[in-house]
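Below: the structure, in C-alpha cells.
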There are 2 protein chains.
Amino acid sequence: MKYIEKLRNSGLRPTKQRLQICEVLFDTEKTFHFTINNLANKIKKQLNNKISLATIYNTVHAFEKKGYLKQIPINSNQTYFDTNVSDHHHFYDLKEEKLIDLDNSDVGPINILKKVNGKKIKSIEVLVKLED
Amino acid sequence: MKYIEKLRNSGLRPTKQRLQICEVLFDTEKTFHFTINNLANKIKKQLNNKISLATIYNTVHAFEKKGYLKQIPINSNQTYFDTNVSDHHHFYDLKEEKLIDLDNSDVGPINILKKVNGKKIKSIEVLVKLED
DNA sequence: ACACTTATTTAGAATGGTTATAAACTAGAT
DNA sequence: ATCTAGTTTATAACCATTCTAAATAAGTGT
Ligand SMILES: [Mn+2]
Ligand SMILES: [Mn+2]
Ligand SMILES: [Zn+2]
Ligand SMILES: [Zn+2]
C-alpha cells in the first residue's frame with residue numbers, strides 16, 4: 001500500500017483504519033473540503049467495515065497535526081477540513097454553505113504591512129463570502 | 001439615552017437589558033473582540049444587575065444581524081465577535097489566542113480574480129496567524 | 001513463533017457552547 | 001387601563017467534540 005511508508009515516516013502506525021481513511025481522503029482526483037460528519041458518511045458508503053467515530057476524529061486530528069490536512073477558519077457549528085494543504089484561499093457560498101478553492105493566483109499577492117513584536121507570520125488565509 | 005433611537009430605528013425595543021449591553025459594547029474608547037463568555041463576565045463586573053445568558057445570546061445575535069457587531073471567522077470552540085464593524089482584517093496570535101486588528105491600510109488591496117456564476121462578493125476577510 | 005511493550009481502536013460517557021422552550025414580564029399602541 | 005406583540009428568563013435540550021478505560025493490534029526483541 002502506498003500510504004504505509006507515509007504513515008510510518010510520520011510516526012503513525014499504519015493501521016487498517018488509518019489506511020482506509022487515507023484512501024477515502026487522498027485517493028481522489030481532486031482535493032475536497034469536509035466536516036467530520038461528511039467524512040464519516042463517505043467512509044460508511046465506500047467501505048464495508050465500520051470505523052468508529054472516535055477513530056475518525058483521532059485520525060483527522062493526527063493528520064492535521066502532521067500537515068496532511070488543513071483546518072479552514074470559518075464560522076460554522078462544524079469544523080471544516082481541507083485535503084488541499086497547499087497555500088490557498090476560499091470562497092464561502094453563504095446560501096449553499098459550500099467552500100470553493102481560490103488559488104493563490106486567483107488572489108493578488110498579499111502584503112501585510114503591520115508587524116507584531118516578536119511574532120512571525122505562520123499563514124495568511126483569505127475568506128471571501130459570496131451571496132446571490 | 002443615546003442608544004434608544006438607534007435601537008428603535010432598528011426595530012428593536014430599547015429594553016433595559018439591551019441598553020445596558022449597548023453601554024458595555026459601545027461606550028468604549030476602543031473597539032474590541034469578545035466571546036459570549038467574555039461579554040457575560042464583563043457585564044457581571046460592570047453592572048449591578050444580572051442579565052441572563054439567554055438574553056446576552058439573543059442580543060448579540062440581534063445586533064449582529066443589524067450590523068452592529070461582526071462575527072470573526074476563526075476556528076475556536078467559542079464564537080468571536082467584534083465591535084469594530086468596519087472592513088478590516090485580523091492577526092490571530094496562536095499562543096495568546098488573541099485577535100489583533102489589521103486595518104485595511106495594513107493589508108495591501110486585495111483583488112479577487114476568480115468569479116463565481118451568479119454570485120457576488122459580500123465580504124473579504126483576511127486572517128493572519130502568528131507564531132513565535 | 002512467542003512474549004512484551006506501547007500505540008491504537010472502540011463504545012459509550014462526559015463536556016460545554018449554543019439553541020429551544022414556554023412561562024412571566026414589558027414596551028408601545030389604542 | 002387594556003391589549004398585543006416583543007422580550008426576558010430559567011432551564012432543558014441539542015449536538016459537535018473530547019474523554020475514558022478496556023480491548024485489540026502493531027512493533028520489537030528473543
Ligand atoms: Mn484539531
Ligand atoms: Mn449569529
Ligand atoms: Zn481548499
Ligand atoms: Zn477586529
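Below, read A as the first sequence line, B as the second, and so on, with proteins coming before strands; counting in each chain starts at 1.
- Regarding A:Lys50, its NZ atom lies at a distance of 13 Å from the P atom of C:dT9, rounded to whole Å.
- Checking the phosphate oxygens (OP1, OP2) of C:dT18, no side-chain nitrogen or oxygen of B:His61 falls inside 4.0 Å.
- Following rounding to the nearest Å, A:Leu53 (CG) and C:dT8 (P) show an atom-to-atom distance of 18 Å.
- With B:Phe26 as the aromatic partner, B:Lys2 does not meet the cation-pi criteria of under 6.0 angstrom to the ring centre and within 45 degrees of the ring axis.
- Contact annotation: the side chain of B:His33 approaches that of B:Ile72 to within less than 4.5 Å [non-hydrogen atoms, C-beta and beyond].
- Using a 4.5 Å heavy-atom cutoff, the side chains of B:Leu7 and B:Arg13 are not in contact.
- Here C:dG17 presents its P atom at 16 Å from CG of B:Asn75, a figure rounded to the nearest Å.
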Between A:Ile43 and A:Ile21, does the side chain to side chain contact (heavy atoms under 4.5 Å, CB included) criterion hold? Intermediate values first, please.
CA-CA 7 Å; A:Ile43 286 170; A:Ile21 293 174; 3.9 Å; yes
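- Note: CD1 (B:Ile51) to P (D:dT9) measures 7 Å, nearest angstrom.
- A:Thr79 has a side-chain polar atom (N or O) that falls below the 4.0 Å cut-off from OP1 or OP2 of D:dT17.
- Under the 30°/60° scheme for interplanar angles, the aromatic rings of A:Tyr57 and A:His61 are found to be tilted.
- Regarding B:Gln17, its CD atom lies at a distance of 13 Å from the P atom of C:dC25, rounded to whole Å.
- No more than 12 heavy-atom neighbours from other residues, nucleotides or ligands sit within 6.0 angstrom of NZ on A:Lys65.
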Test A:Val60 against A:Phe34 for side chain to side chain contact (heavy atoms under 4.5 Å, CB included), laying out the working first.
CA-CA 11 Å; A:Val60 166; A:Phe34 66 93; 4.3 Å; yes
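- An OP1 or OP2 oxygen of C:dT19 is reached within less than 4.0 angstrom by no side-chain nitrogen or oxygen of B:Tyr57.
- Distance, B:Lys65 NZ to D:dT7 C1': 15 Å, rounded to whole Å.
- Remark: P of C:dA27 and OH of B:Tyr3 are 19 Å apart, rounded to the nearest angstrom.
- For the pair B:Gln78 and B:Ile4, nearest-nucleotide mapping onto DNA chain C gives the more 5' position to B:Gln78.
- Atoms CG (A:Asn58) and P (C:dA11) sit 13 Å apart, rounded to a whole Å.
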Reading 5' to 3' through nucleotides 24-30 of chain D, protein heavy-atom contacts under 4.0 Å coded B for base, S for sugar-phosphate only, - for none
--BS---
